[in-house]
Each structure stands twice: as C-alpha cells, then as structure tokens.
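Each remark here refers to the structure printed beneath this line.
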There are 2 protein chains.
Amino acid sequence: MQASASESTASDSTAPEIRVAVDLIVLTLRDGALSVLLIQREDEPHRGAWALPGGFVRHGEDLDGAAYRVLADEASLGSGAVHLEQVRTFGTPGRDPRGHVVSVAFMALGADLPDPERGEDVADARWWSLADLADVTLAFDHAAVLEVAIERARSKLEYTTLAVTFLPGEFTVSQLRGVYESVWGRPLDAGNFHRKATRTEGFLVELDRHAAPTGGRPARLYRAGTGTRLVPPLLRISE
Amino acid sequence: MQASASESTASDSTAPEIRVAVDLIVLTLRDGALSVLLIQREDEPHRGAWALPGGFVRHGEDLDGAAYRVLADEASLGSGAVHLEQVRTFGTPGRDPRGHVVSVAFMALGADLPDPERGEDVADARWWSLADLADVTLAFDHAAVLEVAIERARSKLEYTTLAVTFLPGEFTVSQLRGVYESVWGRPLDAGNFHRKATRTEGFLVELDRHAAPTGGRPARLYRAGTGTRLVPPLLRISE
DNA sequence: CCAAAAGTGTTCTTCATACACCCATGC
DNA sequence: GCATGGGTGTATGAAGAACACTTTTGG
C-alpha cells in the first residue's frame with residue numbers, strides 16, 4: 001500500500017489496471033502486550049497517518065516473496081525471524097484513493113522483534129500495543145485489516161500450536177502461557193495450563209535444562225514440537 | 001482464470017501488469033456425495049482440461065462481486081443460492097502460462113444446486129464427485145486450490161454452523177448429519193449427533209412440522225439458527 | 001406383526017475447572 | 001525463615017463415545 005514515487009496522475013483514465021499489493025500485520029509481544037508494527041506515511045494519500053507496512057507486488061514476484069521483501073525493507077526483518085501466513089485479500093474498489101488496489105494481507109508473527117529502522121518513504125516506524133492503538137485512526141482500510149488478523153491470531157491459538165511462534169527457540173511453560181494471556185487478554189490457570197501444554201502430543205519437547213529463576217523455582221525449558229494442530233483444542237471461551 | 005478473447009500477444013514485454021482473477025470452488029451434495037462444479041476449457045491454455053470456474057476481476061469491481069458474476073455466468077447460480085467465502089489467494093508467477101495472474105479463490109456452498117448450463121467460452125460444465133475426480137488432472141494449479149478449499153470446508157464444519165449452507169431452508173437432523181458424513185467421509189453416531197445438534201445453542205431452530213417419513217418415524221423439521229460458531233466444537237478426529 | 005428411521009437413556013471415560021498443596025530457588 | 005513462581009494432586013462437573021432401548025411411521 002505504500003506510495004510509489006509518481007502518483008500525481010492518480011486517476012489516469014486510459015487503461016486502468018488493477019494493482020496488486022501486500023499488507024503486513026506484524027505481531028509480536030512487547031513487555032507482555034500484543035503489539036503491531038506500523039509505519040507513518042510520508043506521502044499522500046493519508047500522509048502522516050499510521051498504516052500497515054505494505055507494498056506493491058512486482059511482476060513475476062511470488063506473493064510470499066513480496067511479503068518477505070516488504071518485511072525486510074520496512075521492518076528490517078529477515079525471513080527466519082517470523083512465521084508468515086496469509087490472512088485474507090481485500091479488494092473493495094474505494095479502499096485506496098490512487099485506484100483499484102487489491103491487497104493480500106499477511107500476518108507475520110515473531111519472537112521479541114527488534115525496534116524497526118526507518119525505511120525509505122517512511123516518516124516513522126514503531127511498535128504499537130493494541131491498547132495504545134485504540135485512539136489512532138489508521139490509513140486506508142487498515143483498521144479493518146488489522147482487526148481480521150488479530151481475530152485470526154486469537155482463534156488460531158485455540159486449535160493450532162501457533163503460539164510458539166511468538167517465543168524464542170527455547171522457552172518455559174510460563175512464557176507460553178503468557179502468550180495466550182496476552183493475545184486473548186485474559187488470565188489462565190497456571191497449573192491447568194501447564195498440564196494441558198505439556199501433555200498435548202506434538203506441542204512441546206522437554207529439554208534437560210532450566211531457565212534462570214525469576215523469583216521462584218526455576219522453570220524447565222522446552223522447545224516447539226513438530227505438531228501443528230492442538231487436539232483437543234484449547235478454547236478461549238468459558239464464562 | 002478463463003481466457004479473455006485476445007491472448008495471442010500473451011508475452012508482451014513492454015509493461016507487464018499483474019492480472020487479478022477469481023477462482024470458484026462451488027461445492028454441493030449430489031446423491032450424498034460432496035461434489036464440485038468444473039468447466040471444461042474451450043481455449044488454450046489447458047484446452048480440453050477441466051478447471052475451476054473463474055474469470056478476471058474488472059477494474060472497479062469488488063472481489064465478491066466478481067465471484068458472484070462468475071457464478072452467474074459460468075454456473076447460472078444467483079447470489080441467493082450460495083454461501084460465498086474467501087479461501088486464499090494464489091499468486092505464484094508460473095501458475096498461469098499467459099502471464100502473472102493472482103487469483104483469489106472463493107468457496108461457494110449451496111443446497112442441491114442444479115446442473116449447470118454451458119456458459120460462453122466453455123466446452124462443457126458438470127458436477128464431479130470427489131471420488132470421480134481422483135483420476136482427473138485439473139488445469140493450472142486448480143488441484144491444489146481445490147484441495148485447500150475442501151480442507152477448509154471440512155475444518156469449518158467442526159467449529160462453525162457452516163453445514164446448514166449445504167441444506168435447504170428446512171431440513172431434518174438426519175440430513176444435517178448426512179452433510180457431516182459426506183464432507184468428512186465417515187459415519188457418525190445418529191443418536192449422539194442428534195443430541196449435539198439440537199442442544200448446541202444457535203445451531204438449529206425447531207419447527208412444528210415433520211418431514212414425510214422415509215421408511216421410519218417421521219423426522220422433525222428444523223431451520224438454521226442465528227449462531228455461527230459451534231461451542232463446544234464438533235471435532236472430526238477420534239480414532 | 002416386522003423393518004426402518006427418529007429420538008432418548010445410560011454408562012463409561014475423557015477432560016476442563018477450581019483450587020489445595022508441595023517443590024525449588026533467592027533473599 | 002519467607003516470598004515467589006513452578007509444578008502436581010484431587011474433586012467436581014460437563015461433554016463425547018458406545019450402544020441399548022423406545023417411538024412412530026409404512027408395509
């Protein structure tokens with residue numbers, strides 16, 4: 001969705017093509033808060049507004065490839081650092097004032113991602129916790145795109161092992177519980193969660209080491225297992 | 001993905017644009033078998049091969065609108081007849097020999113859909129049960145697209161009320177069970193399913209009428225409730 | 001009467017929940 | 001020792017699986 005340099009001739013009526021873009025919803029946990037990476041637009045339209053990182057797909061370029069490229073250009077993130085997953089494609093004609101733009105939204109989840117360096121054509125870039133975002137009006141239809149992605153993430157934690165993508169290679173059960181609590185926004189019973197996580201086949205692999213204690217008994221370290229589906233699921237409903 | 005009339009100049013190297021298309025996975029139950037609507041291509045590429053109905057999105061056209069238009073043109077189906085839902089977008093450069101085509105796949109589910117009339121630029125059109133499709137090689141990457149859609153449908157039956165979209169406005173619990181059995185490809189216990197379906201809030205609305213008996217006690221009629229999520233879910237796993 | 005499909009009851013087991021309790025560390 | 005977080009035990013209840021059984025129709 002970023003501006004290419006020349007858009008003064010926005011409404012050229014000759015042979016109007018549909019342009020294809022990718023938008024990224026980069027999510028991570030910062031101080032226990034689910035946070036999204038936004039960039040502040042330097043150019044029109046929506047100059048000065050906060051927006052999702054994005055960019056046009058180049059001819060001959062794979063959609064995933066475009067997403068990784070934007071991730072590198074606008075968020076300084078390599079492909080190893082994140083889990084990338086398509087969310088939905090948005091194509092309502094009026095969504096971009098520059099013309100008809102169909103944008104494929106990708107969700108990128110990563111562990112403890114670094115502060116972004118400011119890329120080109122970008123006034124600023126920073127992490128926003130969802131709470132802080134309540135007062136912000138995003139550019140384009142990005143508020144709706146973000147909402148769909150967040151809901152997708154919340155719901156995928158229920159029946160997949162996706163939560164581990166928010167954590168480094170080795171982690172404790174408490175950290176994993178922290179992911180669920182942050183993303184779902186509600187506390188979980190520590191004991192019950194521990195049993196559930198450690199006994200669900202394919203979710204975690206027990207290591208022989210422990211983390212440095214944080215005020216109590218040191219927690220055993222785990223790494224992600226090979227399973228992707230959580231059966232039975234870990235439902236967020238209740239009450 | 002259908003051919004527009006002029007594609008002799010397929011590889012024009014001047015300003016190669018990415019074209020946006022929609023592909024439709026139209027699913028219904030025919031004689032208790034999950035079936036998909038395919039059209040036989042009249043033009044190159046993949047002339048004579050079976051393919052998903054599809055077409056290019058027009059400038060200024062909504063993605064859903066394009067999907068409904070294709071549905072009307074190539075399957076003679078009105079928008080009231082089906083439930084339409086986006087599945088995923090496919091954009092690998094080599095997937096269409098005519099150039100770079102990004103295609104948004106939509107799943108369309110309907111009750112007892114009619115035999116298609118042959119549309120323009122189409123050699124033939126018919127329903128295929130999934131079993132019959134085992135021997136058929138589909139055009140483009142449509143086999144992969146179909147597989148993703150089928151898996152999406154199977155999995156959404158677990159935690160949503162989507163199954164009712166395969167049924168007419170009024171139906172029996174047995175018919176609903178038949179949907180699950182056909183889509184999942186395995187039998188379910190009639191008694192347990194009955195309890196689960198009738199007691200899950202928002203799934204079914206009981207009517208005061210009964211269906212004509214089919215060899216046994218007449219079954220009560222129901223219509224779809226207002227709920228969309230099935231909690232707790234109806235998991236297909238087991239054994 | 002019998003066959004067949006609809007619907008209910010019953011038993012067993014699995015699993016979520018709530019919460020008590022013990023374990024292992026730092027101070 | 002005490003505080004703190006890690007981890008286990010246990011009782012209760014909800015819900016799935018298996019299957020017996022009753023109900024209501026047609027022949």
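Quick note on labels: first sequence line is chain A, next is B, and so on, each numbered from 1. Excluded from the calculations below are hydrogen atoms, water molecules and symmetry mates; all remaining heavy atoms, backbone and side chain alike, are included. Computed from a predicted structure; not experimentally measured.
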Rounded to whole angstroms, how far apart are [atom1] on [X] and [atom2] on [N]?
X: B/Arg177; N: C/dA5; atom1: CZ; atom2: C1'; answer: 9 Å
X: B/Arg236; N: D/dG16; atom1: CZ; atom2: P; answer: 17 Å
X: B/Leu235; N: C/dC15; atom1: CG; atom2: C1'; answer: 12 Å
X: A/Leu176; N: D/dG7; atom1: CG; atom2: P; answer: 12 Å
X: A/His210; N: C/dG26; atom1: NE2; atom2: C1'; answer: 16 Å
X: A/Arg209; N: D/dG6; atom1: CZ; atom2: P; answer: 18 Å
X: B/Tyr180; N: D/dG16; atom1: OH; atom2: P; answer: 12 Å
X: A/Arg220; N: C/dT25; atom1: CZ; atom2: C1'; answer: 15 Å

Need one value for [X]: base, sugar-phosphate or nothing, where a base atom within 4.0 Å counts as base even if backbone is also close, heavy atoms only.
X: B/Ser174; answer: sugar-phosphate
X: A/Arg199; answer: nothing
X: B/Arg195; answer: base

Residue whose closest nucleotide on DNA chain D lies nearer the 5' end, B/Asn192 versus A/Asp189
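Nearer the 5' end of the strand: A/Asp189.
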Is it true that A/Tyr159 and B/Tyr159 have ring centroids separated by less than 6.0 Å?
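That pair passes the under 6.0 Å test.
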Taking it one step at a time, do B/Arg195 and B/Asp189 satisfy salt bridge (charged side-chain N to carboxylate O under 4.0 Å, His left out)?
CA-CA 10 Å; B/Arg195 244 191 310 266; B/Asp189 182 277; 5.8 Å; no
For B/Arg177, does the CZ atom sit with more than 12 other heavy atoms under 6.0 Å from it, leaving out its own atoms?
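Atom CZ in B/Arg177 is packed in, count exceeds 12.
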Are more than 12 heavy atoms from other residues, nucleotides or ligands located less than 6.0 Å from atom CD of B/Glu151?
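Atom CD in B/Glu151 is crowded, with more than 12 foreign heavy atoms closer than 6.0 Å.
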Parallel under 30°, tilted from 30 to 60°, perpendicular over 60°: which one fits the rings of A/Phe140 and A/His142?
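Ring orientation of A/Phe140 relative to A/His142: tilted.
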State whether A/His194 places a side-chain N or O below 4.0 Å from either non-bridging phosphate oxygen (OP1 or OP2) of D/dG6.
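For A/His194, the contact criterion (side-chain N or O under 4.0 Å from OP1 or OP2 of D/dG6) is not met.
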Side-chain N or O of A/Lys196 closer than 4.0 Å to phosphate OP1/OP2 of C/dA16
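Yes, A/Lys196 has a side-chain N/O under 4.0 Å of OP1/OP2 on C/dA16.
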Find which nucleotide of DNA chain C each of B/Thr172 and A/Arg217 is nearest to by heavy atoms, and output the residue with the more 5' nucleotide.
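The residue mapped nearer the 5' terminus is B/Thr172.
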